[in-house]
Amino acid sequence: MEIIILPTPADVARTAADAIEEQVRRGPCVLGLATGSTPLGTYQELIERHRTGGLSFAQAHAFLLDEYVGLPSAHPQSYHSVIRDEFTASVDFGADAVHGLDGMAEDPQAEAEQYEARIAGAGGVDLQILGIGTDGHVGFNEPMSSLGSRTRIKTLTRQTRQDNARFFDSPNDVPDHVLTQGLGTIREARHLLLLAMGEAKAEAIAAAVEGPVAAICPASALQLHPHVSVLVDEAAASLLAHRDYYTDTFGRKPAWQGL
Ligand code: F6R
């Protein structure tokens with residue numbers, strides 16, 4: 001795991017966009033996209049680079065991490081709609097290149113299994129963008145999710161439903177259930193980019209990065225992955241015990257190594 005502490009959320013967004021741009025410019029690739037507030041600055045950066053810097057996503061495919069169960073894809077808060085409105089409709093992904101889970105599937109388990117097959121059929125995810133929940137979830141793998149879990153239905157914790165209530169008219173409108181890629185699925189992506197900004201994420205980041213690998217903090221499973229870049233702003237890094245070490249080693253890293 002490489003922990004990179006950056007001064008501001010804008011620096012996190014730019015650094016994440018740099019890594020994604022490098023991946024996309026290398027040729028056909030598969031991106032894993034997260035929703036929520038965290039990656040919005042990164043998506044804005046990428047849209048800007050598409051508009052002014054010729055960055056094209058025409059050869060890329062994208063897979064969403066998760067989806068609310070019970071929201072039709074046209075619902076403004078379905079992750080299908082959110083990712084289209086916040087990112088993919090503003091760049092040049094090909095028709096049918098952006099894949100998501102169907103939250104209205106009659107058989108959620110069959111939908112989950114088909115999604116796994118679609119990811120595998122695309123050759124797996126090259127670069128996965130991740131946010132983190134205040135309870136340590138990644139995707140919607142809530143505490144006690146199996147570290148080897150695959151895509152499946154999960155029940156959201158009260159805390160996550162409260163955290164996400166800001167996107168809905170009423171807290172009661174936040175669905176109880178989601179379909180999410182599992183921790184085992186996420187860990188198969190070749191490079192993971194975990195982003196976190198703000199004090200509210202500091203505890204979860206400290207547990208994920210410096211705590212034991214334990215199902216109670218699902219993001220700690222990322223410690224088992226061979227290539228994870230954790231991009232955090234000062235506030236999200238504020239509870240890390242080894243901040244000086246991370247900053248010192250990143251500062252002396254050879255530039256050619258990239259992320
Ligand atoms: C969203 C997702 C979630 C969010 C997490 C943080 O696709 O997978 O894990 O990344 O809930 O949400 P925000 O970024 O809104 O704080």
Side-chain angles (χ1 to χ4, degrees), residues 9-10 12-13 16 20 31-45 62-69 71 73 75-88 98-103 112 115 119 125 127-145 149-168 171 174-187 189 192-205 207-208 217-222 228-233 235-236:
V12 172
I20 297 160
L31 300 175
L33 302 180
T35 43
S37 309
T38 303
L40 292 181
T42 303
Y43 295 149
Q44 278 304 319
E45 269 287 324
F63 283 86
L64 272 61
L65 268 178
D66 37 26
E67 184 56 276
Y68 289 113
V69 167
L71 296 192
S73 62
H75 188 287
Q77 291 311 326
S78 77
Y79 281 174
H80 182 276
S81 295
V82 170
I83 206 74
R84 182 197 59 216
D85 297 347
E86 301 290 355
F87 179 39
T88 58
V98 180
H99 311 263
L101 286 146
D102 178 3
Y115 199 60
I119 296 172
V125 172
L127 179 58
Q128 176 66 58
I129 303 157
L130 296 167
I132 186 168
T134 56
D135 64 2
H137 70 232
V138 284
F140 274 133
N141 294 282
E142 295 285 31
M144 303 322 291
S145 288
S149 50
R150 310 302 308 185
T151 304
R152 70 216 181 288
I153 194 165
K154 284 296 287 180
T155 303
L156 294 178
T157 59
R158 281 182 205 282
Q159 189 175 331
T160 299
R161 291 185 72 244
Q162 266 167 30
D163 288 347
N164 288 7
R166 67 191 190 282
F167 297 115
F168 291 83
V174 184
D176 274 315
H177 299 111
V178 288
L179 278 164
T180 181
Q181 287 188 34
L183 293 170
T185 319
I186 291 169
R187 281 173 43 210
L192 304 179
L193 211 52
L194 175 64
L195 316 181
M197 288 95 85
E199 219 179 311
K201 299 295 173 72
E203 210 171 310
I205 282 292
C217 178
S220 67
L222 306 190
V228 185
S229 307
V230 181
L231 307 183
V232 284
D233 71 352

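Whatever order the structure lists ligands and atoms in, that order sets their numbers, starting from 1.
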Q) Mind checking whether F140 and Y79 have parallel, tilted or perpendicular rings, split at 30° and 60°? A) parallel
Q: Look at atom 10 (O) of ligand 1 and say which protein heavy atom is nearest, naming residue and atom and giving the distance to 0.1 Å.
A: G131 CA, 3.3 Å
Q: Answer with yes or no whether R166 contacts ligand 1, where contact means a heavy atom under 4.0 Å from a ligand atom.
A: yes
Q.
Pairs of nitrogen or oxygen atoms closer than 3.5 Å, one from G139 and one from ligand 1: do any exist?
A. yes
Q) Looking at atom 6 (C) of ligand 1, what's its closest protein heavy atom, distance included? A) I132 O, 3.4 Å
**Q.** Nearest non-hydrogen protein atom, atom 1 (C) of ligand 1
**A.** T35 OG1, 3.3 Å
Q) Under the salt bridge (Lys or Arg N to Asp or Glu O under 4.0 Å) test, which residues partner R84, sequence neighbours left out? A) none
Q. Hey, does the side chain of N141 reach the backbone of Q181 with a donor-acceptor pair shorter than 3.5 angstrom?
A. yes
Q.
I need the atoms of ligand 1 closer than 4.0 Å to a non-hydrogen atom of G36, numbered in the order shown.
A. 14 (O), 15 (O)
Q | For H80, all residues meeting ring pair (Phe, Tyr, Trp, His ring centres under 6.0 Å), sequence neighbours excluded | A | none
Q: Can you sort out which atoms of ligand 1 are near L65, meaning under 4.0 Å from one of its heavy atoms?
A: 8 (O)
Q) Do any nitrogen or oxygen atoms of Y79 come within less than 3.5 Å of a nitrogen or oxygen of ligand 1? A) no
Q | Short side-chain donor-acceptor distance under 3.5 Å, N164 and Y68 | A | yes
Q) For ligand 1, which atoms sit closer than 4.0 Å to a heavy atom of S37? A) 13 (P), 14 (O), 15 (O)
Q) If we ignore angles and hydrogens, is there a donor and acceptor under 3.5 Å between the side chains of E203 and T134? A) no
Q: Just need the protein heavy atom nearest to atom 2 (C) of ligand 1, so name the residue and atom and give the distance.
A: D66 OD2, 3.3 Å
Q) Starting from atom 14 (O) of ligand 1, which protein heavy atom do you reach first, and at what distance in Å? A) T38 OG1, 2.5 Å
**Q.** Main-chain N/O of D102 paired to E67 side chain as donor or acceptor, under 3.5 Å
**A.** no
Q: Note the single closest protein heavy atom to atom 11 (O) of ligand 1, along with its residue, its atom name and the distance in Å.
A: H137 NE2, 2.6 Å
**Q.** pair I129-L31: side-chain heavy atoms closer than 4.5 Å
**A.** no
(Q) Would you call the rings of F168 and H75 parallel, tilted or perpendicular, taking 30° and 60° as the class edges? (A) tilted
(Q) List ligand 1 atoms under 4.0 Å from K201, heavy atoms only on the residue side. (A) 6 (C), 13 (P), 16 (O)
(Q) With nothing but distance in play, are any N or O atoms of N164 less than 3.5 Å from an N or O of ligand 1? (A) no
